[in-house]
Amino acid sequence: FCSRTLNLRSIRCIGYDMDYTLIHYKVTEWEGRAYHYAKENLKQVGFPVDDLHFNPELVCRGLIIDKSLGNMVKVDRFGYVRRAMHGTRRLSHRETHEIYGRQLVDLREKRWLFLNTLFSVSEGCLYAQLVEMLDSGGLKIPTESGDYMQLSYEQLFNAVSKALFKAHVEGRLKADVMRDPEKYVEFDREVALTLLDQREAGKKLALITNSDWEYTKVMMAQVIDRFLPKGMTWREIFHVIIVSARKPAFFSQSMPLYEIVTEDGMMREKFRMKEGRIYSGGSASMVEKLFNCERDDIMYIGDHIFTDVNVAKLYMRWRTALIVREVEEEVVAMDRGRQHTQELHSLIKSKEQCANILNHIRTELHRYRGLGLKSSLFNASSEKELYETMGRLLGTMVEYDNKIAPMLYQEGSHFNPYWGYISRAGYADKSHLMRQIEKYADVYTSRVSNFLRYTPYMYFRASKQSLAHHRNLDQYRQEVKTFPALTLCFLLPYCLHFSSFNSPHCLLLLAVHSLGFLTPSPLPFSPHSPIPHPPLLFTRAATGPRKRA
Ligand SMILES: Nc1nc2c(ncn2[C@@H]2O[C@H](COP(=O)(O)O)[C@@H](O)[C@H]2O)c(=O)[nH]1
Ligand SMILES: [Mg+2]
């Protein structure tokens with residue numbers, strides 16, 4: 001999927017991240033194991049965590065942890081919170097609004113932590129469960145003085161984060177994965193061919209991973225070698241291999257460079273890179289020098305929204321691709337949820353129709369009563385009936401709302417029962433995650449091997465962007481010429497639905513709507529925007545000059 005046009009033919013160097021990019025882990029297994037070791041680390045410092053169990057559904061990529069309140073939130077592209085959980089309990093719409101109604105989430109503040117990668121799933125899950133324990137008074141951590149420690153939500157987050165960090169670096173977790181890759185890795189036989197194609201097309205390939213040499217060496221051999229032509233190894237694919245890269249600093253700073261000179265990882269300091277070597281550390285500008293390319297010549301493909309894509313773009317202006325495996329399941333789920341989404345859409349449209357008609361009657365009432373204008377709807381004998389009609393319209397809108405609210409709350413629950421679709425926030429908007437992706441990743445896809453079907457020469461063209469005022473343009477020409485009877489067809493069912501069809505005034509309103517559509521207007525409108533034409537509703541009042549709306 002392309003956000004910014006990218007010509008793969010002109011890319012001369014492709015950098016690859018390893019974990020969750022070239023190698024995709026089975027999230028339940030890998031994160032479950034990370035969770036297990038993080039729990040052990042917490043237990044060692046007195047946390048009563050024995051009864052906790054990993055639940056990967058509690059968390060998804062793109063959520064934001066609110067360390068001050070112990071919540072996890074899903075935010076839309078503007079920074080407004082659209083869903084929230086406290087601990088493992090999902091907050092109602094009202095609770096969410098009460099807590100975050102005035103809050104714009106700014107990720108530069110320390111309070112928030114964005115879950116950038118699938119590696120964050122174990123962290124988020126453990127934190128949510130421990131928040132619940134903290135609230136219930138079950139998180140009693142004895143101190144040396146015999147008291148119990150009272151943790152804040154932020155201190156609790158720091159403890160979880162530290163425990164997970166330790167799990168990643170101390171060795172037992174990675175040793176488990178290296179010992180039994182079949183258990184932890186989803187193998188993809190087409191990754192190898194994708195890389196070979198790109199190499200044969202003349203592109204320089206670089207592996208740039210934060211993992212260390214010991215782990216990289218074992219895992220790449222396990223995951224790639226079996227799918228290569230006989231006798232070939234993964235090391236021959238890459239023109240340079242960089243481990244312990246320390247991204248994001250790799251992209252933003254000048255870091256020391258070491259060459260790995262023995263199989264067991266002995267290192268020697270170096271000042272520039274050479275092809276065919278294996279390095280630890282270094283920086284993105286050294287890669288540019290090595291291949292004599294920069295900016296638009298070079299693309300980095302990774303799974304971490306911040307360290308792989310955001311910083312590569314911000315500091316180096318490299319072209320970027322993000323690997324988001326969840327997109328695969330989401331597309332399927334969205335297709336399954338199509339009926340729900342369509343029903344919701346049509347209920348919202350119907351409510352909008354009621355609101356539009358109500359608003360126009362109300363406005364006309366104000367003009368008639370407040371401004372003293374003569375109205376074709378209101379007069380002494382019709383006023384009471386029109387008030388009743390307004391009451392009925394309001395009632396109908398409440399009925400619609402009672403259907404819409406639970407449907408909105410449930411939307412996407414077959415994809416994730418707590419968070420719905422990762423790409424959406426609220427009914428009509430994209431999530432903060434998607435905003436980040438489209439801002440920093442030129443293309444995004446669910447797996448590296450998807451590049452295979454497009455060849456190394458593909459011209460990825462960004463899809464045409466649509467703005468609010470573009471939406472109705474296609475209908476414009478057609479609709480200005482539409483016979484008013486068609487308009488009647490659209491409005492009639494609504495009027496019948498309000499059970500106010502027996503009112504002569506609503507019949508009049510209906511006629512007014514239809515007449516409004518008779519006059520070609522310079523503005524695009526649709527049959528769903530029943531705007532009575534003001535000059536048709538009013539005649540000059542005896543008391544004052546006619547006002548133009
Ligand atoms: N110390 C921590 N290491 C982490 C954490 N989450 C992931 N990781 C490790 O980073 C690399 C990612 O490699 P890359 O190929 O994607 O660049 C991998 O070794 C992970 O174990 C963390 O929270 N703390
Ligand atoms: Mg990665």
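First listed ligand is number 1; within each ligand, the first listed atom is number 1.
Near Lys247, the atoms of ligand 1 lying under 4.0 angstrom from a non-hydrogen atom of the residue are 14 (P), 17 (O). Close contacts of ligand 1 with Ser211, meaning ligand atoms under 4.0 Å from a residue heavy atom, involve 11 (C), 13 (O), 18 (C), 19 (O). Contact atoms of ligand 1 toward Thr209: 13 (O), 14 (P), 15 (O), 17 (O) (distance under 4.0 Å to a heavy atom of the residue). Residue contact check: Val169 has heavy atoms under 4.0 Å from atoms 1 (N) of ligand 1.
In summary, the aromatic rings of Phe1 and Tyr444 are positioned with their centroids under 6.0 Å apart. Checked against the 6.0 Å centroid threshold, His168 and Tyr215 do not count as a close aromatic pair.
Ser283 and Gln253 share no donor-acceptor pair across their side chains, judged by distance under 3.5 Å alone. Tyr153 and Asp135 share a donor-acceptor pair across their side chains, judged by distance under 3.5 Å alone. Side-chain contact of Asp176 with Tyr37: a donor-acceptor pair under 3.5 Å is present, judged by distance alone. For the 3.5 Å distance criterion, the side chains of Gln129 and Thr88 fail to qualify, holding no donor opposite an acceptor.
Side-chain contact between Cys13 and His239 is absent, with no heavy atoms from C-beta onward closer than 4.5 Å. Between Thr117 and Thr307 there is no side-chain heavy-atom pair separated by less than 4.5 Å.
Considering backbone and side-chain N/O atoms, Met18 comes within less than 3.5 Å of an N/O atom of ligand 1. Residue Tyr215 places no N or O, backbone or side chain, under 3.5 Å from any N or O of ligand 1.
Distance from atom 24 (N) of ligand 1 to its nearest protein heavy atom, with residue and atom name: Phe165 CD1, 3.4 Å. Of the protein's non-hydrogen atoms, Asp19 OD2, 3.5 Å is the one closest to atom 12 (C) of ligand 1. Nearest protein heavy-atom contact of atom 14 (P) of ligand 1 is Asp17 OD1, 2.7 Å. Given atom 3 (N) of ligand 1, the protein heavy atom at minimum distance is His168 CB, 3.5 Å.
Only the side chain of Lys174 comes within 4.0 Å of ligand 1, judged by heavy-atom distances. At a heavy-atom cutoff of 4.0 Å, ligand 1 is contacted by no atom of Glu123, backbone or side chain. Both the backbone and the side chain of Asn210 come within 4.0 Å of ligand 1, counting heavy atoms alone.
Geometry at the Mg ion (ligand 2): O/Asp19 and OD2/Asp17 form an angle of 90°, nearest 10 degrees.
The side-chain tip of Arg33 does not point at the ring of Tyr184 from less than 6.0 angstrom away and within 45° of straight on.
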Take Glu328 and Arg447, measure what salt bridge (Lys or Arg N to Asp or Glu O under 4.0 Å) needs, and give me the verdict at the end.
-> CA-CA 9 Å; Glu328 274 175 25; Arg447 54 177 78 212; 2.7 Å; yes
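For the Mg ion (ligand 2), the set of nearby N, O or S atoms under 2.8 Å includes one belonging to Asp303.
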